Every structure is written in C-alpha cells, then in structure tokens.
Number of protein chains: 2
Amino acid sequence: MMKAHILYVEDDQSLSFVTRDNLELQGYQLTCCHDGQEALAVISGADFLFDLCILDVMLPHVDGYTLASEIRRRDPAVPIIFLTAKSLKEDRIQGLKLGADDYLTKPFSMEELQLKIEIFLRRRHVVSDPLPALTKLGTLVFDHENLLLQDARGDERRLTQKEADLLRYLLEHKNQVVRRSTILEELWGEDDYFLGRSLDVFISRLRKYVRPDNRLRIDTIHGVGFQLVCPD
Amino acid sequence: MMKAHILYVEDDQSLSFVTRDNLELQGYQLTCCHDGQEALAVISGADFLFDLCILDVMLPHVDGYTLASEIRRRDPAVPIIFLTAKSLKEDRIQGLKLGADDYLTKPFSMEELQLKIEIFLRRRHVVSDPLPALTKLGTLVFDHENLLLQDARGDERRLTQKEADLLRYLLEHKNQVVRRSTILEELWGEDDYFLGRSLDVFISRLRKYVRPDNRLRIDTIHGVGFQLVCPD
DNA sequence: CGGCGGTGTTAATGTGCTGTTAACAGTTGT
DNA sequence: ACAACTGTTAACAGCACATTAACACCGCCG
C-alpha cells in the first residue's frame with residue numbers, strides 16, 4: 001500500500017519537529033505547516049488528497065476549526081485529528097461537531113497519537129464508498145458522483161452528466177491518447193460525423209473548465225483523438 | 001435504510017438505562033448486556049454483525065479488554081468505543097492497543113457519545129444518518145414518525161406518508177445528488193414515466209413546504225435527479 | 001503555398017425534461 | 001352516499017441541454 005500522506009499543522013516549532021521526526025520514522029509521509037493559511041494553500045495546491053489531517057486548534061491567522069471546515073469542503077471524508085491544550089468537554093464537543101474525528105489533549109504521548117492515526121488509516125480503504133469518490137485533477141477536485149468540479153479557490157462548478165462522464169473517461173486514461181471513435185463508442189454508443197462534432201463541443205467546454213489549473217491541458221492529436229495531460 | 005445495530009455492555013444499571021434511552025431515541029437499535037459473558041453469548045448467538053460496540057472497561061467476570069479481543073476475533077473491523085472511569089494515559093494506550101477505536105471517560109456527556117458513534121458509523125456507511133424521530137432541517141423541524149413539519153414560528157404542517165418518505169430520503173442524502181431512478185426504485189419500487197411525473201409533483205410540493213427557510217433549496221440536476229441543499 | 005479535411009468556438013435550434021396547477025381516481029372514515 | 005384525503009394522470013408552460021449550424025483557423029498533403 002502507498003505511504004499514507006499526512007497533513008500536520010502546528011505552530012509550535014519545537015513540538016512540530018519532534019512529532020514530525022517520530023511520524024516519519026513510522027513510515028508516514030508528512031507535510032507540515034505552521035499556520036492555517038499555509039495549510040489551505042498546501043491543500044489547494046496539492047495534486048493528491050491527504051489521507052489524514054492533524055490540526056492544532058490554536059493557530060495564527062486561521063484557527064483550527066475554520067481550517068477543518070475548509071478542508072472538509074474539499075474532501076468530506078478525510079479523517080481529522082485535533083490537538084488542543086484545553087480539555088474542556090464543550091471544546092471537544094464543538095470540535096467533533098465541526099468535523100473532527102478525534103481529539104488529543106496536549107501534552108500527548110507520541111504512542112497515543114500513532115495509535116490514533118493507525119485507527120483511522122486502517123479504515124481508509126475498507127470504505128465501501130457511498131461517500132463521493134473524489135479525484136484530484138491537478139489542483140482541481142472532481143466529484144463524478146455529484147457532478148461537481150472544484151477549483152483551488154474552492155469555487156464549485158456543476159457539470160452535466162455527459163460532461164462528467166467525458167471528464168472521467170479522460171481522467172481514467174490521463175496522459176494517454178484516446179481515439180475519437182473510442183470515446184464516441186464508449187460514451188455515445190455510436191460514431192458518426194455529427195456526434196463527433198458534439199464531442200468537439202464538449203472538449204471545448206472541458207478545456208474551459210480545467211483552465212484554472214494551467215498545468216492541465218487537453219491536447220488534440222490530429223486525426224486521432226485527444227489526450228488529457230496532467231502532472232503526476 | 002438499515003438501522004445501525006449497536007452492542008452496549010455496561011454493568012451499572014442506572015447509567016445503562018439512561019444511555020439506552022438516549023441512543024434509541026437517536027434511532028439506533030441497541031442490544032444491552034450487563035457483563036462480559038452475556039455479551040459474548042449475544043455475539044456468538046447473533047445471526048448478524050454489530051455495527052459498533054460500546055464497552056465499559058470494568059465488567060464483572062470478563063473485563064472489557066478481553067471482551068474486545070473476543071469481539072475482534074469474530075469481526076476484525078467493527079469499531080469499539082471504551083467507556084472508562086480512569087483517564088490515565090497508560091490505560092488509554094493499553095486500550096487502543098487492544099483494539100479500541102476510541103475512549104470516553106466517565107462521566108461522559110450523551111452528546112459526545114453520540115458524536116463519536118456518528119463518526120465511526122459514518123465511515124462504515126451503515127447509516128448515512130441515523131433517523132431520529134425529530135430532525136432539524138435548517139430552522140424547520142421534521143418529525144417523520146408523526147408526519148409533521150414545523151417551521152420557525154411553530155406552525156405545523158401535516159405531511160402525507162409519501163411526502164414524509166421523500167423528504168426523509170432527501171434528508172438522508174442531503175447535499176448529495178440523488179438520481180430520479182434511485183428515488184423511484186427506493187420509494188415507489190419501480191421506475192416508469194408516470195411515476196417519474198408523480199415524483200416531480202411531490203418535489204414541487206416539498207419545495208413549497210421548505211420555502212419558510214430560504215436557505216433550503218431542492219435543486220434540479222437536469223436529466224439526473226435532485227439535490228436537497230441545506231446548511232451544515 | 002494552396003487546398004481540404006479536421007478542429008475550435010460560439011451561437012442557434014429543437015427536443016425532451018421539468019414545474020406547476022388542476023382534474024381525476026382510489027381509499028378511508030362518517 | 002358523502003366528504004376528506006391521497007396519489008396519479010393530464011395539460012401546458014418553460015427551460016436546459018445535446019446537437020446542429022456556422023464560421024474561423026490550423027495542420028497536413030500535394
């Protein structure tokens with residue numbers, strides 16, 4: 001299985017250092033941030049979805065709760081563990097309501113953190129997924145189930161079924177050349193001149209939709225078909 | 001949708017009563033035991049798997065830890081929440097190592113327990129939402145059991161069974177796109193043109209009913225279905 | 001370089017899907 | 001039998017979307 005990718009947001013540098021060391025030693029791939037804004041930028045800019053987030057509640061600029069709901073907006077399923085100095089019941093409840101999956105009170109033991117991380121990661125691929133299957137497309141988040149395409153700023157665009165199907169098809173064959181005729185057979189069921197022109201119209205629209213991430217392109221392979229080009 | 005089946009093992013009868021009442025009100029199906037042996041018998045005898053287990057650590061005859069590993073032997077994936085009087089770090093860590101997924105220290109608040117239950121059930125998708133008799137829908141209160149919808153001013157509207165079923169279905173999938181065909185299959189049992197038009201009539205009515213709260217919308221996803229949009 | 005077929009893009013078009021109201025039919029209770 | 005209530009069908013208006021049209025452009029072939 002892939003190394004689990006963990007986002008860790010903590011403004012206390014010395015604690016952050018220790019924790020990072022420990023978790024990396026456990027074989028996790030860590031991305032550390034020191035304030036909420038940085039974290040948001042990292043999430044928006046990443047080409048992948050994190051497997052788990054560990055957030056300090058007290059952060060400069062953007063507090064942990066706000067950060068958590070921003071993260072949830074982009075990936076409703078990712079487990080979030082809050083770190084907090086307070087251990088008041090009301091704070092815990094507030095945090096759980098706002099989307100935390102678990103709570104750890106500072107000072108915490110590394111062992112306990114590791115155990116809690118394992119608990120959530122263990123379940124990561126067991127999920128039978130009625131939660132929308134989200135796909136990262138560069139910095140965009142594509143939700144085929146809900147026909148939604150979200151850009152790095154969090155703006156959502158609603159797609160039609162055909163648009164979503166075509167985008168998914170290209171995504172399933174990203175960085176590969178797909179033939180016009182294959183797409184038409186696959187998504188339209190037949191292949192004639194006019195449906196071909198229809199396909200062109202759709203490609204044109206998708207190009208507009210993916211423009212927010214300028215590393216994404218849909219290349220034309222003249223006389224053959226198209227190729228969705230994207231990093232990773 | 002299936003009610004979530006929860007095993008609750010607790011030897012303190014008065015606490016057990018309160019908790020049971022609360023959780024059943026939330027729409028969970030509870031099986032209560034008062035010691036470890038009874039719990040083991042129940043698990044062995046049941047012809048279904050529990051969706052979640054809540055175990056007191058201090059139990060007569062068989063302690064919570066032993067019980068937990070027995071449960072795990074039968075169902076390695078079921079989430080287990082421990083209830084404990086102690087809140088020592090060593091105890092928590094010990095518990096987590098032995099297969100607990102979360103820990104709650106007595107005395108605990110019912111709200112926190114409910115939230116923690118939800119966190120684990122959500123991930124298993126046993127129930128995307130438990131179906132409490134009363135559900136808040138923005139400022140409205142929806143009582144599916146009694147077919148009542150109450151607005152912010154306290155005015156009550158009586159719903160028909162189908163209206164209530166449809167509203168509940170949308171609520172169970174709020175902020176998700178639900179397909180016409182799925183709704184029809186689920187609530188009407190079949191999917192043809194006329195039933196589809198019937199569905200439109202019902203959606204039209206529900207739109208009227210939820211208008212008192214202008215943050216609530218039922219969006220049409222052309223050619224696909226509907227989406228109940230509501231805050232939180 | 002010149003032509004032709006393939007493609008990009010925008011706008012117009014028409015079909016099918018949806019919103020809504022009202023009539024209708026079936027059921028229940030009186 | 002009647003009234004009240006519920007779900008379905010009808011009818012018509014309105015809209016969204018896939019398709020078609022139109023025109024500009026490009027790249028490959030001679």
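All values below come from the heavy atoms of this structure, side chains included, with hydrogens, waters and symmetry mates left out. Everything numeric in this text was worked out from a predicted model, so none of it was measured.
Proximity of residues 205-218 of chain B to DNA chain C (heavy atom under 4.0 angstrom from any strand atom) is restricted to B:Arg207, B:Lys208. Contacts between residues 160-197 of chain A and DNA chain C, defined by a heavy-atom separation under 4.0 Å, are made by A:Arg180, A:Arg197.
Along DNA chain C, the nucleotide nearest to A:Val201 and the one nearest to A:Gly223 differ in position, and the one closer to the 5' end is contacted by A:Gly223.
In the helix from C:dC1-D:dG30 to C:dT30-D:dA1, the rotation axis of the first five pairs and that of the last five pairs differ in direction by 30°, rounded to 10 degrees.
Using the six-membered ring where Trp is involved, A:Phe48 and A:Phe50 have ring planes that are perpendicular, over 60° apart on the 30 and 60° scheme.
With sequence neighbours left out, B:Leu104 forms a side-chain contact (heavy atoms from CB on, under 4.5 Å) with B:Leu83, B:Phe108, B:Glu112, B:Leu113, B:Lys116.
OP1 or OP2 of C:dG19 lies within a sub-4.0 Å distance of a side-chain N or O belonging to B:Thr220. In this structure, B:Ser204 reaches the C:dT20 phosphate: one of its side-chain N or O atoms is under 4.0 Å from OP1 or OP2.
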Q | Reading 5' to 3' through nucleotides 25-30 of chain C, protein heavy-atom contacts under 4.0 Å coded B for base, S for sugar-phosphate only, - for none | A | ------
What does the list of N/O pairs under 3.5 Å between the protein and nucleotides 25-30 of chain D look like, with a distance for each?
none

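With hydrogens and angles ignored, the 3.5 Å screen pairs a side-chain donor or acceptor of A:Asp213 with a backbone N or O of A:Thr139.
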**Q.** Verdict with supporting geometry, A:Arg180 and A:Asp200, salt bridge (Lys or Arg N to Asp or Glu O under 4.0 Å)
**A.** CA-CA 9 Å; A:Arg180 301 173 67 89; A:Asp200 288 324; 3.0 Å; yes
